[in-house]
Chemist: 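Before we start, here is the structure in question, set down as structure tokens.
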There are 2 protein chains.
Amino acid sequence: MAEVRSVDTRERILDAAEHLFMAHGYEGTSMRQITSEAGVNLAAVNYHFGSKESLMQEVFRRRLDWLNEERMRVLNELEREAAGKPLKPSQIVDGFFGTLLRMADDEERGGKTFLRLLGRTLTDPSEFIRTFLAHEYAVVVDRYKEALFCALPDVPKAEIVWRFHFMLGATSYAIAGTDALRLVTDWQIEEEDAIDRLDRLVPRLMSFLLGGLRAPLPQFSDAVADSK
Amino acid sequence: MAEVRSVDTRERILDAAEHLFMAHGYEGTSMRQITSEAGVNLAAVNYHFGSKESLMQEVFRRRLDWLNEERMRVLNELEREAAGKPLKPSQIVDGFFGTLLRMADDEERGGKTFLRLLGRTLTDPSEFIRTFLAHEYAVVVDRYKEALFCALPDVPKAEIVWRFHFMLGATSYAIAGTDALRLVTDWQIEEEDAIDRLDRLVPRLMSFLLGGLRAPLPQFSDAVADSK
DNA sequence: CTATGATTCAAACGAACGTATGAATTATAG
DNA sequence: CTATAATTCATACGTTCGTTTGAATCATAG
């Protein structure tokens, strides 16, 4: 069985697809763009992956499998060290979001390209993509949610779930890239941040997330005891 | 000049486009879907708007013109009342994000449909959309940024800009809709929140945003005085 | 070396896309 | 009523899309 060529072809396609999906979105990227950038024949995608949808799923699976495992490993390690005592919220947030953000430095795992793709895809309108991602994330997110419940026993669970959601949004935006960032700034300020974008982004985002997670509980206009 | 028919047609097209762009994205929505849902002829879009791109821009302009004016009006009013004294961050945040979120109740202004469209579009990969939105937002965002600089004189400007960006992300996610929300929860908790989703979402999000905005400043690993 | 299965390739498929056209229809002005 | 401009309509154009096909090329096993 020939292996050398095909493994190479598969990987080249995945790399090109990852980059182009990030830059132009799923619907905005054609098979011809992908195979052209990968330097392979047009039919190669359908031969190796079956369809464009399956290719998209494989692009994510290649990265998320590792991320999910790593997140699980980190949380298990934290809980082992804590020996039964509840974790600090900052540890949990770092385990989930910090682990993600540190992928940006790891070119082997897709680096910034994959992070930006992920950030943009989480709000992608395509039904099959959201369904796929929700399924990929379900188990890990559930474990982290439970950890937060234990770490913040005085905060209603519904509140924690919402704040988890808000944290995902802030993070998604942060990694979706500097293009959307033009919304907020014309960069009259941060020329000095050209290189250090990342090692500064992480602590910046972490401060913000933790501040939001530990904010005072909201007061609803209708006075209802919102416990549990 | 005939006006009755064409005004109706224009509006019907805009409504259908708003809904379909929200549900399936810009690239994922065809002219035939739009004209079919609007109950008008296929050629009507090109006749009234020129092209699909122009239609997309008009969909946003119809809503954002009002939103921008309202945000300006609110901020001017706040500054008038304050009479020179710096505003409270909570006032500024409510002026920018609260004004946006309250559109959800206003069906005349697009309601939840437009909010979800906006939330999803802010991370849309299409170049011309991001460029257009950045241009539409520029002036207002700049005024609110300046207001935050004055309200938080001890916080470095770069930090405020970043946190503004994070707040946009969290808000975008919150309004992008309950579909993406499945990522975080299977709704084992919040059956009771079916109706009140919105009058509870606003205070919830506001608490989170303010907590993040006022969080302790991050400590960078390389010790550099990050003033200015 | 030959046979076999895996992979690559050029070419084509039908479908769907955004847009353009010119005639038919409708509303307004004189 | 008639003339004129605005709008609607059915239809078609040229592209591009994702996918398929069958032959050509390659690597490996016997």
Side-chain angles (χ1 to χ4, degrees), chain A residues 1-60 62 117 121 124-129 131-132, chain B residues 1-60 121 124-129 131-132:
Chain A
M1 303 175 192
E3 279 280 311
V4 179
R5 283 187 308 163
S6 72
V7 166
D8 222 61
T9 300
R10 272 184 63 99
E11 209 93 336
R12 293 164 63 85
I13 290 173
L14 287 172
D15 288 342
E18 185 173 70
H19 170 243
L20 288 168
F21 286 152
M22 178 274 286
H24 308 118
Y26 175 75
E27 309 267 10
T29 302
S30 71
M31 303 285 255
R32 286 164 178 83
Q33 286 177 268
I34 296 171
T35 52
S36 168
E37 179 164 318
V40 303
N41 187 270
L42 169 62
V45 171
N46 290 283
Y47 176 78
H48 284 283
F49 300 95
S51 68
K52 193 184 176 188
E53 280 202 12
S54 301
L55 170 61
M56 179 66 157
Q57 294 186 13
E58 198 53 36
V59 165
F60 277 97
R62 179 170 69 145
L117 172 62
T121 308
D124 197 280
S126 305
E127 178 60 30
F128 91 92
I129 295 180
T131 304
F132 168 74
Chain B
M1 301 174 193
E3 279 278 311
V4 179
R5 284 187 310 165
S6 71
V7 167
D8 222 61
T9 300
R10 273 183 61 99
E11 209 94 334
R12 292 163 64 84
I13 291 172
L14 287 172
D15 288 342
E18 186 174 69
H19 171 243
L20 288 167
F21 286 153
M22 178 274 286
H24 308 117
Y26 175 75
E27 308 267 12
T29 301
S30 71
M31 302 285 255
R32 285 162 179 84
Q33 286 178 269
I34 295 170
T35 52
S36 167
E37 180 163 316
V40 303
N41 187 271
L42 169 60
V45 171
N46 290 282
Y47 176 76
H48 284 283
F49 300 95
S51 67
K52 192 184 177 186
E53 280 201 11
S54 302
L55 170 62
M56 179 67 156
Q57 294 186 13
E58 198 53 37
V59 166
F60 277 97
T121 307
D124 196 281
S126 304
E127 178 61 29
F128 91 93
I129 295 180
T131 303
F132 167 74

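Here is the naming used below: chain letters follow the sequence lines, and residue numbers restart at 1 for every chain.
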Chemist: Shortest non-hydrogen contact from A:L20 to A:T29?
Modeler: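 Nearest pair, atom of A:L20 first, then A:T29: O-OG1, 3.1 Å.
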Chemist: Could you list the residues that satisfy side chain to side chain donor-acceptor pair (under 3.5 Å) with B:S54, not counting sequence neighbours?
Modeler: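 With neighbours one apart ignored, the set is B:S51.
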Chemist: So B:N46 and B:M31, do their side chains get closer than 4.5 Å, heavy atoms only?
Modeler: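 The answer is yes, as the side chains (C-beta and beyond) meet within the 4.5 Å cut-off.
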Chemist: Is it true that a side-chain atom of B:S30 and a backbone atom of B:Q33 form a donor plus acceptor pair closer than 3.5 Å?
Modeler: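 Checking the backbone N and O of B:Q33 against the side chain of B:S30, a donor-acceptor pair under 3.5 Å is found.
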Chemist: Check the distance between C:dT7's P and A:I13's CD1 and give it to me in whole angstrom.
Modeler: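 These atoms are roughly 12 Å apart.
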Chemist: Tell me whether the side-chain N/O atoms of A:H48 come closer than 4.0 Å to OP1 or OP2 in C:dA6.
Modeler: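 No, no such contact exists.
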Chemist: In whole angstrom, give the distance that lies between atom CG of A:D8 and atom P of D:dC26.
Modeler: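 To the nearest whole Å, that distance equals 16 Å.
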Chemist: Summarise how protein sits on nucleotides 11-22 of chain D as a single string, 5' to 3': B when a protein heavy atom is under 4.0 Å from the base, S for sugar-phosphate-only contact, - for no contact.
Modeler: -B----BBBBB-
Chemist: Using only side-chain N and O atoms of B:T9, determine if any of them is under 4.0 Å from OP1 or OP2 of D:dT7.
Modeler: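 No, outside the criterion.
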Chemist: Could you check whether any side-chain N or O of B:K52 sits under 3.5 Å from a backbone N or O of B:Y26, counting only pairs where one atom can act as donor and the other as acceptor?
Modeler: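 Looks like yes, one N/O pair under 3.5 Å.
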Chemist: For A:E18, which residues count as a salt bridge (charged side-chain N to carboxylate O under 4.0 Å, His left out) partner, sequence neighbours excluded?
Modeler: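 Here the qualifying residues are A:R62, A:R63.
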